[in-house]
Number of protein chains: 2
Amino acid sequence: MSTAHHCDAAARAEQVLARRGARITQLRRDVLRALMREDRPVGAYQLFDQLKARDAASAPPAVYRALDFLVGEGMAHKLQSLNAYVGCACFEHAHDAHFLICRGCNAAEEVPTTAIRKQVDTDAAERGFAVERMVVETVGLCADCKGRA
Amino acid sequence: MSTAHHCDAAARAEQVLARRGARITQLRRDVLRALMREDRPVGAYQLFDQLKARDAASAPPAVYRALDFLVGEGMAHKLQSLNAYVGCACFEHAHDAHFLICRGCNAAEEVPTTAIRKQVDTDAAERGFAVERMVVETVGLCADCKGRA
DNA sequence: AGGCGTCCGGTTACATTGTAACCATCGGCG
DNA sequence: CGCCGATGGTTACAATGTAACCGGACGCCT
Ligand SMILES: [Zn+2]
Ligand SMILES: [Zn+2]
Ligand SMILES: [Zn+2]
Ligand SMILES: [Zn+2]
């Protein structure tokens, strides 16, 4: 959980994007780093305020466009139940995720979805539904906050 | 899928609420019926416009409060990825659900979550996380829209 | 080099979604 | 009757997200 860890994550993400031929511009880099620096979900406007303070973003659309890019490349996820974004160090292309969201400390832990995805695919197949994207978010209390209750 | 079916759903929902001792007011009844009448997710402001036209709701907060009540009682669900609401005829108290959301026709089919919930509980338990609420939404194409492609 | 097309982001001006805060009313209950 | 909790009317915003238009950068072809 050190700062170094997160910087590394951003740096490695940029390498992966470069290898993939994606255009990694200054704005996108700034948004990526800002996301990776946090270990909590961040709202688009929070992000905007940070970047604006450093003259790195001009207006909300810039931030949303960068976020769309990062989500599309699988370097970030949007948490639908928080309207917030988190960086992702999985480095695959646009994978889906299951988030354990703590309402005590606002942490959001990403966990693999293999088993859940399989079940979702089953549910969908039974009804002839073609899955494109999956949102799985669990709200509750993490181990720490549960103890602290 | 007849209109009668939806009216019945609303009527039975009201009975269940009454038996439960919940206060079913005119506003809440109106919102419930409006929700059940649709077979698609409805935005809060769409709902508001409908009710306003009949002088049934005065302002957005009224609608949101009624929706919170209905969701709390398990008579409606919020779709986080659409910012919209759907009625529910399950009549249990505040159950969770899995929605198959078609981006072609905007239908949202609610399917049971027993298997998924089990897997989510497993994922959570492994990390000492206490689950309170679960959001599972799958976006894609329903059988009809897939064929029509 | 010059022209072209595409991608990116700046900018403005909104649209949509959701809420805080305060007060009036209503209905049960001591 | 007077209190109290629940409900909802009202105002005024806050927070989140976008459409549309433009200009600059960069690669690519001639
Ligand atoms: Zn991820
Ligand atoms: Zn926590
Ligand atoms: Zn339901
Ligand atoms: Zn469809």
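Protein chains get the first letters and strands the later ones, always in sequence-line order, with residue 1 at the start of each. The figures here come from the full heavy-atom set of this structure, side chains too, leaving out hydrogens, waters and symmetry mates.
Rounded to a whole Å, the CG atom of A:D49 is 11 Å from the C1' atom of D:dA15. In this structure, A:D68 atom CG and C:dG9 atom P are separated by 12 Å, rounded to whole Å. Separating the CG atom of A:L67 from the C1' atom of D:dT16 is a distance of 12 Å, rounded to the nearest angstrom. The OH-P distance, from A:Y45 to C:dT16, rounds to 15 Å in whole Å. Note: OH (A:Y64) to C1' (C:dC14) measures 14 Å, nearest angstrom. Atoms CD1 (A:I24) and P (C:dG9) sit 9 Å apart, rounded to a whole Å. Atom CZ of B:F48 and atom P of C:dT19 are 16 Å apart (whole Å). Atom CG of A:L70 is separated from atom P of C:dC8 by 12 Å (rounded to the nearest Å).
Between A:K52 and C:dG10 there is no side-chain polar atom (N or O) within less than 4.0 angstrom of OP1 or OP2. Not one side-chain nitrogen or oxygen of B:N83 sits closer than 4.0 Å to the OP1 or OP2 atom of C:dT16.
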Side chains of residues 79-86 of chain B: which donor-acceptor partners sit under 3.5 Å, not counting sequence neighbours?
from	atom 1	to	atom 2	distance (Å)
B:S81	OG	B:E137	OE1	2.2

Show me the side-chain donor-acceptor pairs of residues 61-69 of chain A shorter than 3.5 Å, one per line, residues at least two apart or across chains.
none

Would you give me the side-chain donor-acceptor pairs under 3.5 Å for residues 13-20 of chain A, sequence neighbours excluded?
from	atom 1	to	atom 2	distance (Å)
A:E14	OE1	A:R29	NH1	2.8
A:E14	OE2	A:R33	NE	3.2
A:E14	OE2	A:R33	NH2	3.3
A:R20	NH1	A:E73	O	2.8
A:R20	NH1	A:E73	OE1	2.7

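A residue-by-residue look at A:A84 and B:P60 shows that B:P60 has its nearest nucleotide of DNA chain D further toward the 5' end.
With sequence neighbours excluded, no residue forms a side chain to side chain donor-acceptor pair (under 3.5 Å) with B:R28. In this view, A:H77 and A:H95, A:F99 satisfy the ring-ring contact (aromatic ring centres under 6.0 Å, His included) rule, not counting sequence neighbours.
The shortest non-hydrogen separation linking B:A57 to B:F48 is O-CE1, 4.1 Å.
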Identify the pairs formed between an N or O of the protein and an N or O of nucleotides 7-9 of chain D at a distance under 3.5 Å, and give each distance.
from	atom 1	to	atom 2	distance (Å)
D:dT7	OP1	B:R28	NH1	3.2
D:dT7	OP1	B:R28	NH2	3.4
D:dT7	O5'	B:R28	NH2	3.3
D:dG8	OP1	B:T25	OG1	2.2
D:dG8	OP2	B:R28	NE	3.4
D:dG9	OP2	B:S58	OG	3.0
D:dG9	O5'	B:S58	OG	3.3
D:dG9	N7	B:R65	NH2	2.6
D:dG9	O6	B:R65	NH1	3.1

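No more than 12 heavy atoms of other residues, nucleotides or ligands sit less than 6.0 Å from atom CZ of A:R133.
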